[in-house]
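Accompanying notes for the structure given below.
Just so you know, these numbers use all the heavy atoms, side chains as well, and skip hydrogens, waters and symmetry mates.
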Amino acid sequence: MKQIKFSHWLKTKTLLAAVVAATIVGGAVTGVTASETSVHSTSSPTTVTTTATANPLTLSQYEHATATQLAQMVRDGKVTSQQLIQLAMTKVKRDNPQLNAVITMREDKALDEAAAMKDTGQPFYGVPILIKGLAQELKGESATQGLPYSSTRIASYTKPFVAQLQSLGFVVIGQTNYPELGLTNITTSKLYGAASNPWNTADNPGGSSGGAAASVADNMVPVATGNDAGGSLRIPASWSGVIGLKPSAGMIKGDSATSTMASFAETKSMADTQTLFDNMLSGKVTAEAAPTDLKSVAIAYSTKSPVGTPVSQDAVSAVNQAVSFLKSQGFNVKQVDSPVDGKALMQAYYKGATSSGAAANTFARSAYKRDLLPDDGSIMTYALFKASQKLTAPDQASYVSMVATAKQQMADFHQKYGLYLTPTTATTAPSNTDPAYLPEYVKKLRDIASLDSKDQMQLIYDAWLHGLSKTPFTQLANVTGEPAISLPTYVSASRMPLGIQLEAAKNQDRLLLAMGDLFESKNQLKFLDSQSTNGNTNGNTTGTTTAPTTPETSASSESTPATSESKPTKPVTPVVAQAPKVVYAKGALNLYKDVNLTQRVHHYAAKSRTHSRTFKTLGAAFTKNGALRYRVKGGYITANAKFVASLYYLQNPKRVRVIGQHGIYSYKQMAFKSSQRVRLIKKGQVLKIKAIRVHGQIARLELTNGQFITANKQFVIQSKR
């Protein structure tokens, strides 16, 4: 698998369509200033046209469709699978430079596979998908485990999980980012670098399936796969605002019934989640039917950290909000803490994790002909390897015993409480500047070989606590083999998501799916799209489960992550903001690398109105003191109205004067086809406006005579007379 080459455009022998898009250079949309005709040649920034469809699928329509809906479009002949892949790749190439969610792409192979695919009733026929780069190997593609010394390793065969995805009609277009060996709850590594959160690119999307969650939250694909051995699907689901199901042990094709790891995906639709689950079953264990009456299931809830660390007010509020909702629906909900000793559980869990260090050393010996050293990769990988060398048989036995005890305790617990509700995470997403391990522990881990086994394991626990304190609720389901789901029900005052987790008894996965359906049907799920569309920014607002029909901008913000030392803060009144789709510079303007506008990337000189620099906005961002910025390709610009303004009129200007050098055309309809031109309106003429209309992503002005003209401020300017 090759690394992404963003300059390489897509090609296929059988393609009947062309991608029509503005050329984006340095954050400026150069195609919108050339002429009035070039502005209105399409109804959206990216439109796939085809001789087979009268209404081509736009990038916005692709972004807001579920996988199930896209498959039906392909089956109905409304779009081809190749066109879907093109749209997905267009989205990845546009957004991935800011997110680093996707690490490799397989452009030509995906297009060839799509062209060769036959419709045999596959539920996800022709739908593009991204797979996690870790433990979900596809023959001939990268399989590094995130290890720097294994960077050239290629998979020799396709694993059953991925083969099953392909049999369902999915077309794999690439792999998503993850941390080394999937060992941390954030996505960053020496090999691939840090991923960024679409809600706020200064923050991390979570780990270890962080690239998958970020790509789904950003609408690159409707479904991206991941795996979960300690919360690796649910943690990024919580921090990125998507749905993350961890199935029961052994439930999914390719999974072992005795392993703590389960494979599945990040999604944004319960219909997709349900269909994927139904078609990925291994047959080793049976998923029991959900009760006919969900309200017959008693629910226990807790906001207490199982390892005794602080829990943020946002996490508490997320659970309290869910409890209020459930009670309003008639459920019996009672506050009850987990019966399992969380600290003892994690101490045992880390003993089991030492096997990852031993495995990493095998790769190191192959590459270097020696054992691992502290600087070869992650310091924790080295520490686990060293701990594995001193772990005794009684240590192994204590791990097995603790697992058995936890399983029995939770089985007994579920006899009374069918569901256990907690926050998915104890905080919202941490900043990418927040390390996985604090510096003082990194120093100690370098010398871990000198310690005895007991002290080694205590040091590993202490070093991991900085990260664990943010995500102490997820590991229980892995150790016990129980299913758990993270639902995106809450958005903080700082405009960041936080999920709630529902855990059920083993093999009660369908109960969790039914609960997800309930929350979705009652508009309790809050995705990034719905926040941008509806201005919802706090935990008390109602989300949306239906995709918007017009494209909206993804809002992002900068927030200060809570740490294990932080105290809950009183929620502040949120600032609601939505970026216009395209803005123009009123004069000279600077482009900055950072949201605080301290690292200048480029200076744009002042130009006349008709030739002013334009920027396609990728989102709205806020500094820590609340100043609004626009995120654009290449960085950030000010949102100050003195310097930038929306390129298109958003309110009826009543009268406009034509300022385009060559004038503008009026049209019979909003589509602006050359065959529907009525007349050429010369520069300087003043026109009366009846209303403002929206066509796709572009605003039009309706004249009092019923004809339509552009609403682009580079061609018409508001007039007072």
Is there a side-chain contact between [X] and [Y] (heavy atoms, below 4.5 Å)?
| X | Y | result |
| --- | --- | --- |
| Val336 | Tyr301 | no |
| Leu511 | Leu294 | yes |
| Trp199 | Trp239 | no |
| Asn432 | Asp203 | no |
| Ser240 | Asn197 | yes |
| Leu468 | Thr309 | no |
| Lys443 | Tyr437 | no |
| Gln501 | Thr474 | yes |

Would [X] and [Y] count as having a side-chain donor-acceptor pair, cut-off 3.5 Å?
| X | Y | result |
| --- | --- | --- |
| Lys268 | Asn219 | yes |
| Thr424 | Ser486 | yes |
| His414 | Glu482 | yes |
| Ser238 | Thr425 | yes |
| Thr267 | Ser269 | no |
| Lys132 | Ser208 | yes |
| Asn177 | Thr187 | no |
| Tyr382 | Asp376 | no |
| Asp509 | Ser248 | yes |
| Lys351 | Ser398 | yes |
| Thr471 | Asn185 | yes |
| Gln136 | Thr225 | yes |
| Thr392 | Asp395 | yes |

Is it the case that the ring center of Tyr399 lies less than 6.0 angstrom away from the ring center of Tyr349? no
How about Phe325 and Phe519: are their ring centres within less than 6.0 Å of each other? yes
For [X], does the [atom1] atom have more than 12 heavy-atom neighbours from other residues, nucleotides or ligands under 6.0 Å away?
| X | atom1 | result |
| --- | --- | --- |
| Lys454 | NZ | no |
| Lys343 | NZ | no |
| Lys304 | NZ | no |

Residues Asp434, Lys470: salt bridge by 4.0 Å N-O rule: yes
Do Lys390 and Asp452 sit within salt-bridge range, that is, some charged N less than 4.0 Å from a carboxylate O? no
Any side-chain to backbone donor/acceptor pair from [X] onto [Y]? Under 3.5 Å, distance only.
| X | Y | answer |
| --- | --- | --- |
| Asn478 | Thr260 | yes |
| Lys295 | Gln329 | yes |
| Asn204 | Pro430 | no |
| Lys386 | Thr381 | no |
| Glu520 | Met270 | yes |
| Gln524 | Thr489 | no |
| Ser305 | Val307 | yes |
| Asn227 | Met261 | no |
| Ser209 | Gly226 | no |
| Tyr441 | Leu459 | no |

Atom of [X], atom of [Y] and distance for their closest heavy-atom approach:
| X | Y | answer |
| --- | --- | --- |
| Ala387 | Met457 | CB-SD, 4.0 Å |
| Met410 | Ser338 | SD-OG, 4.3 Å |
| Leu487 | Ile243 | CD2-CG2, 4.3 Å |
| Leu384 | Trp464 | CD1-CH2, 4.0 Å |
| Ala249 | Val285 | O-CG2, 4.1 Å |
| Lys284 | Asp255 | NZ-O, 2.7 Å |

If you measure from [atom1] on [X] to [atom2] on [Y], what distance do you get to the nearest 0.5 Å?
| X | Y | atom1 | atom2 | answer |
| --- | --- | --- | --- | --- |
| Leu99 | Thr176 | CG | OG1 | 12.5 Å |
| Ser312 | Leu498 | OG | CG | 6.0 Å |
| Thr354 | Gln456 | OG1 | CD | 10.0 Å |
| Leu476 | Thr422 | CG | OG1 | 9.0 Å |
| Gln145 | Leu134 | CD | CG | 5.5 Å |
| Ile252 | Ser282 | CD1 | OG | 7.0 Å |

Just do the side chain to side chain contact (heavy atoms under 4.5 Å, CB included) check on Asn332 and Lys327 with the steps written out, would you? CA-CA 7 Å; Asn332 177 21; Lys327 287 183 176 178; over 6 Å; no
If you apply the rule side chain to side chain donor-acceptor pair (under 3.5 Å), what do you find for Thr428 with Asp314, and how did you get there? CA-CA 7 Å; Thr428 55; Asp314 281 323; 4.7 Å; no
What verdict does the side chain to side chain contact (heavy atoms under 4.5 Å, CB included) test give for Met380 and Leu445, after you've listed the backbone C-alpha separation in whole Å, the side-chain angles of each residue and the deciding distance to 0.1 Å? CA-CA 7 Å; Met380 187 55 75; Leu445 289 170; 4.1 Å; yes
Passes side chain to side chain contact (heavy atoms under 4.5 Å, CB included), Glu503 versus Phe473? Steps please. CA-CA 10 Å; Glu503 183 174 338; Phe473 297 101; over 6 Å; no
The test is salt bridge (Lys or Arg N to Asp or Glu O under 4.0 Å); show your working for Asp462 and Lys444 and say whether it passes. CA-CA 10 Å; Asp462 293 341; Lys444 292 178 181 179; over 6 Å; no
Chi angles and distances behind the side chain to side chain contact (heavy atoms under 4.5 Å, CB included) call for Met251, Phe277: CA-CA 9 Å; Met251 183 66 67; Phe277 178 82; 3.7 Å; yes
